[in-house]
Amino acid sequence: MRHPQLNSNGELQHLLTIEGLPRATIMHILDTAQSFVGVSDREVKKVPLLRGKSVFNLFFENSTRTRTTFEIAAKRLSADVLNLNINTSSTSKGESLLDTIDNLSAMHADMFVVRHATSGAPYLIAQHLGRVRGGDAHVINAGDGRHAHPTQGLLDMYTIRHHKKDFTQLRVAVVGDILHSRVARSDIHALTSLGVPEVRAIAPYTLLPSGLEQLGVRVFTDMREGLRDVDVIIMLRLQNERMRGALLPSAQEYFKHYGLTQEKLALARPDAIVMHPGPMNRGVEIESSVADGPQSVILEQVTYGIAVRMAVMSILAAN
Ligand code: CP
């Protein structure tokens with residue numbers, strides 16, 4: 001069966017998830033992003049690849065990094081960018097998601113960047129556009145519920161490749177609230193597709209989803225054991241807004257066992273890099289001296305996010 005985000009020629013029509021995305025497509029996005037990194041260093045930062053196209057940012061959930069870097073990326077590609085303010089839009093009067101999409105499509109939207117608290121919302125939009133509207137607009141998932149955050153996964157892979165070159169020689173640990181994390185899911189699918197031989201998940205039992213072993217992931221509940229000799233540490237935010245009931249005794253207790261401190265970081269390889277998708281809870285998931293320390297590439301991730309999002313939008317626009 002054809003992947004829902006690929007067209008009949010196997011080309012990317014939408015970016016909804018990294019799960020099932022061919023390795024060659026992931027590599028093509030990373031290579032294209034590399035060509036855009038230099039654009040940010042030029043005096044004139046714009047290229048005309050999306051000239052005349054309209055990109056609609058639809059963020060039904062809060063965002064700092066993703067929304068802003070999508071806007072910068074689209075503008076660097078010379079697109080017209082519209083940020084729909086959901087709080088003052090007709091969504092607050094009860095308009096349905098698909099009615100909103102139909103109205104924006106009537107304004108000749110070429111691309112929708114969608115963040116939504118409901119897993120599957122970007123799929124629904126992509127399906128609706130294909131069925132009802134003839135299907136030439138593109139949908140990019142900017143994070144849906146606890147399901148997927150594909151551009152975060154891709155920018156994480158770009159950052160890892162920049163520092164470590166060869167995915168097939170790496171041990172990568174993903175640490176924290178894996179149960180509620182769309183970033184963890186996208187990272188795990190990307191890492192396994194790119195041939196990382198050892199992907200580790202480190203979390204308390206209450207924050208581990210089932211089925212990780214079937215994805216080829218080694219599971220650890222002891223952070224000290226799980227961090228031993230890893231090349232990359234991806235810390236995750238505690239998704240308090242998605243937690244039902246008491247999954248953790250307290251933030252202090254969590255930090256003691258699963259917070260990344262200098263002492264725990266010393267168990268990883270000496271050249272290990274520290275990543276975090278943001279927003280960070282300092283003193284809960286990560287010690288400030290580590291977040292701001294020499295092994296941290298957290299702000300680089302944000303910068304590479306622009307080039308990666310430029311890559312995704314330019315590839316979609318060409319298909
Ligand atoms: N990493 C990430 O998605 O951050 P924002 O919520 O600020 O977009």
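Just so it is clear, the structure is predicted and the values come from calculations on it, not from any experiment. Order of appearance sets the numbers: ligands from 1, and atoms from 1 within every ligand.
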Under a 4.0 angstrom heavy-atom cut-off, which atoms of ligand 1 come close to [X]?
X	result
Thr66	2 (C), 3 (O), 4 (O), 5 (P), 8 (O)
Gln152	1 (N), 2 (C)
Thr64	5 (P), 7 (O), 8 (O)

| said: Within the structure, is a non-hydrogen atom of His149 found at a distance of less than 4.0 Å from ligand 1? | reply: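 True for this residue.
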
| Do any heavy atoms of Gly278 fall under 4.0 Å from ligand 1? |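 Per 4.0 Å heavy-atom rule, Gly278 contacts ligand 1.
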
| task | Look at atom 6 (O) of ligand 1 and say which protein heavy atom is nearest, naming residue and atom and giving the distance to 0.1 Å. | result |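 The closest heavy atom on the protein side is Arg115 NH1, 2.9 Å.
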
| query | Please state which protein non-hydrogen atom is closest to atom 4 (O) of ligand 1 and give its distance, to 0.1 Å? | reply |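 Going by distance alone, atom 4 (O) of ligand 1 is nearest to Arg65 NE, 3.1 Å.
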
| Arg171 bridged to Asp231 by N-O distance under 4.0 Å |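 Looking at Arg171 and Asp231, the cut-off is not met.
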
| request: Report yes or no: is the cationic atom of Arg309 (NZ for Lys, CZ for Arg) closer than 6.0 Å to the six-membered ring centre of Phe70, at no more than 45° off its axis? | output: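 Because its charged atom sits under 6.0 Å from the ring centre and within 45° of the axis, Arg309 does stack over Phe70.
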
| field | Short side-chain donor-acceptor distance under 3.5 Å, Glu287 and Thr261 | value |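 Their side chains do not contain a donor-acceptor pair, so the 3.5 Å distance test is not met.
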
| query | Going by atom types alone, do Glu95 and Thr100 pair a side-chain donor with an acceptor below 3.5 Å? | reply |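 Yes, because at least one side-chain N or O of Glu95 sits under 3.5 Å from a partner of the opposite role on Thr100.
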
| said: How long is the straight-line distance from CE of Met310 back to OG1 of Thr32, given to the nearest 0.5 Å? | reply: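 If I round to the nearest 0.5 Å, the distance is 11.0 Å.
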
| Please walk me through it: do Glu300 and Thr159 pass side-chain hydrogen bond (donor to acceptor under 3.5 Å, both in side chains)? | CA-CA 7 Å; Glu300 272 181 57; Thr159 308; over 6 Å; no

| query | Hey, is ligand 1 close enough to Pro277 that some N/O pair sits below 3.5 Å? | reply |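 Indeed, backbone or side chain, Pro277 has an N or O that close.
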
